[in-house]
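Step one of this worksheet: look at the structure below.
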Amino acid sequence: MSSSRRQYPFHLIEPKWQQTWEQQQAFRAFNPGEEIPANHPFAVRHKLSGKVAATQLPEKFYILDMFPYPSGAGLHVGHPEGYTATDILARYRRACGFNVLHPMGWDSFGLPAEQYAVKTGQHPRVTTEANIANFTRQIKSLGFSYDWSRELATTDVEYFTWTQWIFLKLYNSWFNPETNKAEPIETLNFPAALETMEEFREIDPVKGDEFHFIKPQSLEEKQRLYRNSKRLAYVSEAPVNWCPELGTVLANEEVIDGKSEVGGFQVVRKPMRQWMLRITAYSEKLLADLDAIDWSDSLKQMQRNWIGRSEGAEVKFKVFGTGGYDFKIFTTRPDTLFGATYAVLSPEHWLVDHIASPEQEKAVQDYKALAAGKSDLERTELAKEKSGVFTGAYAINPVNGEKIPIWIADYVLASYGTGAIMAVPAHDERDLEFAKKFNLPILQVVQPPDAKTDWQGFTDDGTAINSGFLNGLPTPEAKRKITAWLEEKGHGKKTINYKLRDWLFSRQRYWGEPFPIIWKKDAAGNLYHEALPESSLPLLPPSLEDYKPTADGQPPLARAKDWLNLPDGSVRETNTMPQWAGSCWYYLRYTDAKNAQSFVGKDADNYWMASNGKAAGVDLYVGGTEHAVLHLLYARFWHKVLFDLGFVATPEPFYKLVNQGLILGEDGQKMSKSRGNVVNPDDVLVEYGADAFRLYEMFMGPLQDTKPWNTKGVEGVYRFLGRVWRLFVDEKSETAFEQAETISTSKDELLDLILLDGGITDIAATPAQLKVLHACIKKVTEDLDGMRFNTAISAMMVFINEAMTWQTKPLSVMKTFLQLLAPFAPHLAEELWARLHATFGQTAPSLAYAPWPKFDAALLVESEIEIPVQVNGKFRDTIKVAVDADNAALEAAAKASEKVQTFIAGKTIKKIIVVPRRMVNLIVG
RNA sequence: GCGCGCGUGGUGGAAUGGCAGACACGCCAGACUUAGGAUCUGGUGCCGCAAGGCGUGAAGGUUCAAGUCCUUUCGUGCGCACCA
């Protein structure tokens, strides 16, 4: 390293304190009932020791980072941004007297380690452990106050045992619409009709259509099928997003513009047997409970959009002619039913094959084939032009008995609503475009409020016309009336639809949690699934030589024949769970990380998640926006199931959530290897130290904003820390220290050469000094509460700039300042704190647990203040007045100002606005 | 297209409706120095010698007073995107 002279010996200070904290287990959080050593700083601060009940513990504060995937590339500067923010707040809350839970762990299942295994044959666990070791080293070098005793990795057997256990809970539960919550599957009553039912119709959870017609042989089989159709974890054979390149299926959320989110590979639709989780049962709760939590509006909006609730009606249309078929459509505009001039089924709709007329049969089949061959991308992005074909069949509009043609078109999605629509071209843009292209009739049924507005393509609310008994009604009323009419006549009903679809939960991978599921054959030879008992957990993955999928496309687990085939002839499930599984509940495990009896103990959950009266557990959760709809929705879903089943105490997992912004490269571009603008924290640490790094990450700008990295900026805060150092230490001793450093190697003794600045004395502070200090306490405290780290740091800079001019530095003031600095630059603060106490023969209490200073408002009161004077609203001068000057005095002082005089001379004062303590404005004319 | 956010010096960014630009970077000048990529001091929105004028993407509006509130508009970022 050929760098400039160090501002201060952070290279000695930082390892020293990191070691001290580790030895003391300084940041270990204690659970209710846990033995607290009497000499632990937490015990000392709160005068506790031994086993302490929840009620005797201080109020909890649970502050959580989104745990990282330990990639081979190591930490980049984006990771520590959120971690620094949470660490500052954790330290602040600890000082404020809270019992702070601040854990860290690893989201360690995942594709890269597996891909590496496919290439090299090295077990993913080996790669994963090496990466975790590197991440741990990097994170620890930043001096974060994590409770490492609670560290976990989703790949730990002790952890994924319970991930599998939760899966069993999902599998063995159903959502009871009566009680509006998840319940054990045993509470599901079999309908009486089941016994006599000859044909079992399985409901496609995605399309809402019946797609499986099974003729069960026995009542037992009927009951099994019935239960399986209700479980929260179930098997579906719906089309899935298959990514050949990755050799696995992906959830809808993991597919972006027809490409995989990871790697950007082509994704195709393919029907496969898959495990699904019934997240749609929770659509309403997931939506409604957003109101109870403190997340940013934009994030809530993203989740709302994703859930996509829309109110409308389902209307049953009979197919004209033979067969007695009917189909349901969903519409949000039932009031326009009179304007429906045709109907459209999605090409995949089950009815299509049954109703196509002989003349149209070929065209229909060709179109279906065409649509099936298109990727999602082609169906949407390239759909500038609508396409479709007439089926040759007609439907009867229930409202007026009109015969309308039934078309199929891929602008109608199979996966939304009922996969079928009524087309009202007059008042729907898509229908209009389609109708124009295929010359279908367009009938106005809504009159726009403004007569000048063209009714064609008018989609807003208006007044119903050409609509029989609805005529003259405003849209909302027309909706109500037609819905009531439909219900009365049995033609339809009010319906709420959600865009949210069930969660595709299986992956064809090796490096994930195996499903605790086996497949059996019944007497008739039908394959059925069965859960393993809880007592058999954990189910470990087999060891493999080769991690590729099998030649016939089976997941890698199918290679392990010994593992796969059980003595009784049953076969194990070969899919594994997606990476999201582990991250769905890790925040719960942190509260009771070592519990071998349960995924989390009741006492621990009650204390850490529910004891401060808030509706939801984690007090602050910080992470990137990339998880806005994936992890955060899935975790909320699991949490709600666990809540319904009585395993956790709160309905929501994360009370307050903040997204940190992206850190861009110095060139203002997103950091990436290919651009060569990646900043490695290790390099920054060598040059400037952890404290400067932490400080800079926070000083760059508001946490939530996207902002570019700037090495010069690091130097700025580094210089600030240097000034703090020089404010405290004696310059001569530092010179001696530097000379000694060139010849000596013993680090601790070296630091002892540093002496305090002679100006620091144990004397009373002057009022001016107190004012500077307390202004700083106030600003830093308020900014920490508001998570405005950048302005808090600037307040400390102001303090230092001021204090640099002091001849004498009162000990008390200097100590208090160090307390303010401690959350931001803990190593430097601890070192100076210790030195300060030692020099004055005092024992230093742990800075991490020293009570946070309170500012005294009385000290900030000025006797005289400067206030601005305006003439005609323009600033002209400031006047110095007594703080309690009344309006008359302010007015007089304002008029007396020389500068003001020049602007009012020869003019009449028409009006004077005086805001006491704020300003004076003279209106002249 | 729809929804949300953001537009302030050369740069990152500050500003309960009340002195725009805190703090920092950069730059300029000076001091101390053999030296400075250390440190310290001063300066630094723009125009102007100055007095003063002009300034928060643009245009209107509300107000004694607007970066801040309202309307329109442009730009930009993010999310969603044939969701009936």
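Chain letters run A, B, ... following the sequence lines, proteins first and then strands; every chain starts at 1. It should be emphasised that the depicted structure is a prediction, and the values quoted were computed from it without experimental measurement.
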| task | Sticking with atom C1', work out how far B/rU56 lies from B/rG9, rounded to a whole angstrom. | result | 10 Å
| request: Could you tell me whether the phosphate oxygens of B/rC25, OP1 or OP2, come under 4.0 Å of any side-chain nitrogen or oxygen in A/Arg719? | output: yes
| said: Could you tell me how far apart A/Glu666 (CD) and B/rG26 (P) are, to the nearest whole angstrom? | reply: 12 Å
| For B/rC69, what is the paired nucleotide under Watson-Crick or G-U wobble rules, both distances under 3.5 Å? | B/rG61
| message | Closest approach to the side chain of A/Ile913, judged atom by atom: which nucleotide of B/rC54, B/rC64, B/rC25 is it? | response | B/rC64
| query | Atom OH of A/Tyr411 to atom C1' of B/rA81: distance rounded to whole Å? | reply | 17 Å
| Nucleotide forming a Watson-Crick or wobble pair with B/rU33, both distances under 3.5 Å | none
| query | Which value, in whole Å, describes the distance between the P atoms of nucleotides B/rG1 and B/rC54? | reply | 39 Å
| task | Name the residue closer to the 5' end of RNA chain B, choosing between A/Gly713 and A/Thr706 according to the nucleotide with the nearest heavy atom. | result | A/Thr706
| request: Using the P atom as the reference point in each nucleotide, state the distance between B/rA22 and B/rA15 in Å, no decimals. | output: 12 Å
| task | Taking atom C1' in both B/rA14 and B/rC19, compute the distance separating them and give it to the nearest angstrom. | result | 14 Å
| task | Using a heavy-atom cut-off of under 4.0 Å over every strand shown, decide if A/Gly308 touches base, sugar-phosphate, or nothing. | result | nothing
| message | I'd like the C1' distance from B/rU8 over to B/rG79, given in whole Å. | response | 26 Å
| query | If you measure from CD on A/Gln870 to CG on A/Asp877, what distance do you get to the nearest 0.5 Å? | reply | 12.0 Å
| request: Establish, for the pair A/Lys386 and A/Phe434, whether the NZ or CZ atom is under 6.0 angstrom from the six-membered ring centre and no further than 45 degrees off its axis. | output: no
| said: Measuring from the side chain of A/Met919 (C-beta onward, heavy atoms only), which nucleotide among B/rG18, B/rA14, B/rC25 has the closest atom? | reply: B/rG18
| query | With a non-hydrogen cut-off below 4.0 angstrom, is A/Ile923 in contact with a base, only sugar-phosphate, or nothing? | reply | sugar-phosphate
| said: Please tell me if A/Asn921 has a side-chain N or O lying less than 4.0 Å from either OP1 or OP2 of B/rG18. | reply: no
| request: Quickly work out the A/Leu630 CG to B/rC80 P distance and round it to whole Å. | output: 9 Å
| request: In whole angstrom, give me the gap between the P atoms of B/rC40 and B/rC23. | output: 15 Å
| Pair partner, B/rA38 [Watson-Crick or wobble, under 3.5 Å] | none
| request: Validate the cation-pi geometry between A/Arg636 and A/Trp295: distance from NZ or CZ to the six-membered ring centre under 6.0 Å, angle to the ring axis within 45°. | output: yes
| note | For B/rG3, the nucleotide meeting Watson-Crick or G-U wobble distances (both under 3.5 Å) is B/rC78
| request: Would you indicate, yes or no, if B/rC82 has its OP1 or OP2 atom less than 4.0 angstrom from a side-chain nitrogen or oxygen of A/Lys499? | output: no
| field | Interatomic distance at P, B/rG10 relative to B/rG48, whole Å | value | 15 Å
| note | A/Glu731 CD to B/rA38 P, in whole Å, measures 16 Å
| said: What contact category does A/Thr878 fall into here, base, sugar-phosphate, or nothing, at under 4.0 angstrom with non-hydrogen atoms? | reply: base
| query | Is there a Watson-Crick or G-U wobble partner for B/rG12 with both distances under 3.5 Å, and if so, which one is it? | reply | B/rC23
| task | Measure centre to centre between the rings of A/Phe693 and A/Tyr688, then say whether the value is under 6.0 Å. | result | no
| request: Apply the side-chain contact (heavy atoms from CB on, under 4.5 Å) test between A/Leu345 and each candidate in A/Ile406, A/Thr418, A/Ile421; give the one that qualifies. | output: A/Ile406
| message | Using 0.5 Å steps for rounding, measure from the NE2 atom of A/His427 to the CD atom of A/Gln456. | response | 9.5 Å
| task | Specify the separation, in whole Å, of atom CZ of A/Phe903 and atom P of B/rC64. | result | 22 Å
| Nearest of B/rG12, B/rG18, B/rG26 to any side-chain atom of A/Gln870? | B/rG18
| B/rA59 versus B/rC64 - spacing of their P atoms, nearest Å | 23 Å
| query | At under 4.0 Å between heavy atoms, what does A/Gln7 touch on the DNA or RNA strands: base, sugar-phosphate, or nothing? | reply | sugar-phosphate
| query | What is the distance, rounded to the nearest whole Å, between atom CG of A/Leu727 and atom P of B/rU39? | reply | 15 Å
| task | Indicate, with a heavy-atom threshold strictly under 4.0 Å, whether A/Val915 touches base, sugar-phosphate, or nothing. | result | base
| query | Is the phosphate of B/rA24, meaning OP1 or OP2, less than 4.0 Å from a side-chain N or O of A/Arg723? | reply | yes
| said: If the cut-off is 4.0 Å, is A/Gln301 near the phosphate of B/rG5, judged by side-chain N/O to OP1 or OP2? | reply: no
| message | Apply the syn/anti split at 90° from 0 to B/rG9 and say which one it is. | response | syn
| Is there a Watson-Crick or G-U wobble partner for B/rG48 with both distances under 3.5 Å, and if so, which one is it? | none
| task | Rounded off to whole Å, could you give me the CE-to-C1' distance for the A/Met700 and B/rA24 pair? | result | 13 Å
| request: Give a yes or no on this: more than 12 heavy atoms of other residues, nucleotides or ligands lie within 6.0 Å of atom CZ of A/Arg304. | output: yes
| note | When rounded to whole Å, the CE to P distance for the pair A/Met797 and B/rC25 reads 7 Å
| query | Does A/Arg876 put a side-chain nitrogen or oxygen below 4.0 Å from OP1 or OP2 of B/rG52? | reply | no
| Does a side-chain N or O from A/Asn801 land closer than 4.0 Å to OP1 or OP2 of B/rA24, or not? | yes
| Side chain of A/Phe875 - closest among B/rC19, B/rG18, B/rC23 | B/rC19
| query | Among B/rU39, B/rC82, B/rA84, which is the nearest nucleotide to the side chain of A/Lys386? | reply | B/rC82
| Shortest non-hydrogen contact between A/Leu703 and A/Met787, atoms and distance | CD2-CE, 3.7 Å
| Phosphate oxygens OP1/OP2 of B/rA84: is one of them under 4.0 Å from a side-chain N or O of A/Ser310? | yes
| Do side-chain atoms of A/Asn872 reach the backbone of A/Val924 as a donor and acceptor pair under 3.5 angstrom? | yes
| task | Report which part of the nucleic acid A/Thr625 touches: base, sugar-phosphate, or nothing (heavy-atom distance under 4.0 Å, all strands). | result | nothing
| remark: Between A/Glu866 and A/Met302, the residue closer to the 5' end of RNA chain B by nearest nucleotide is A/Glu866
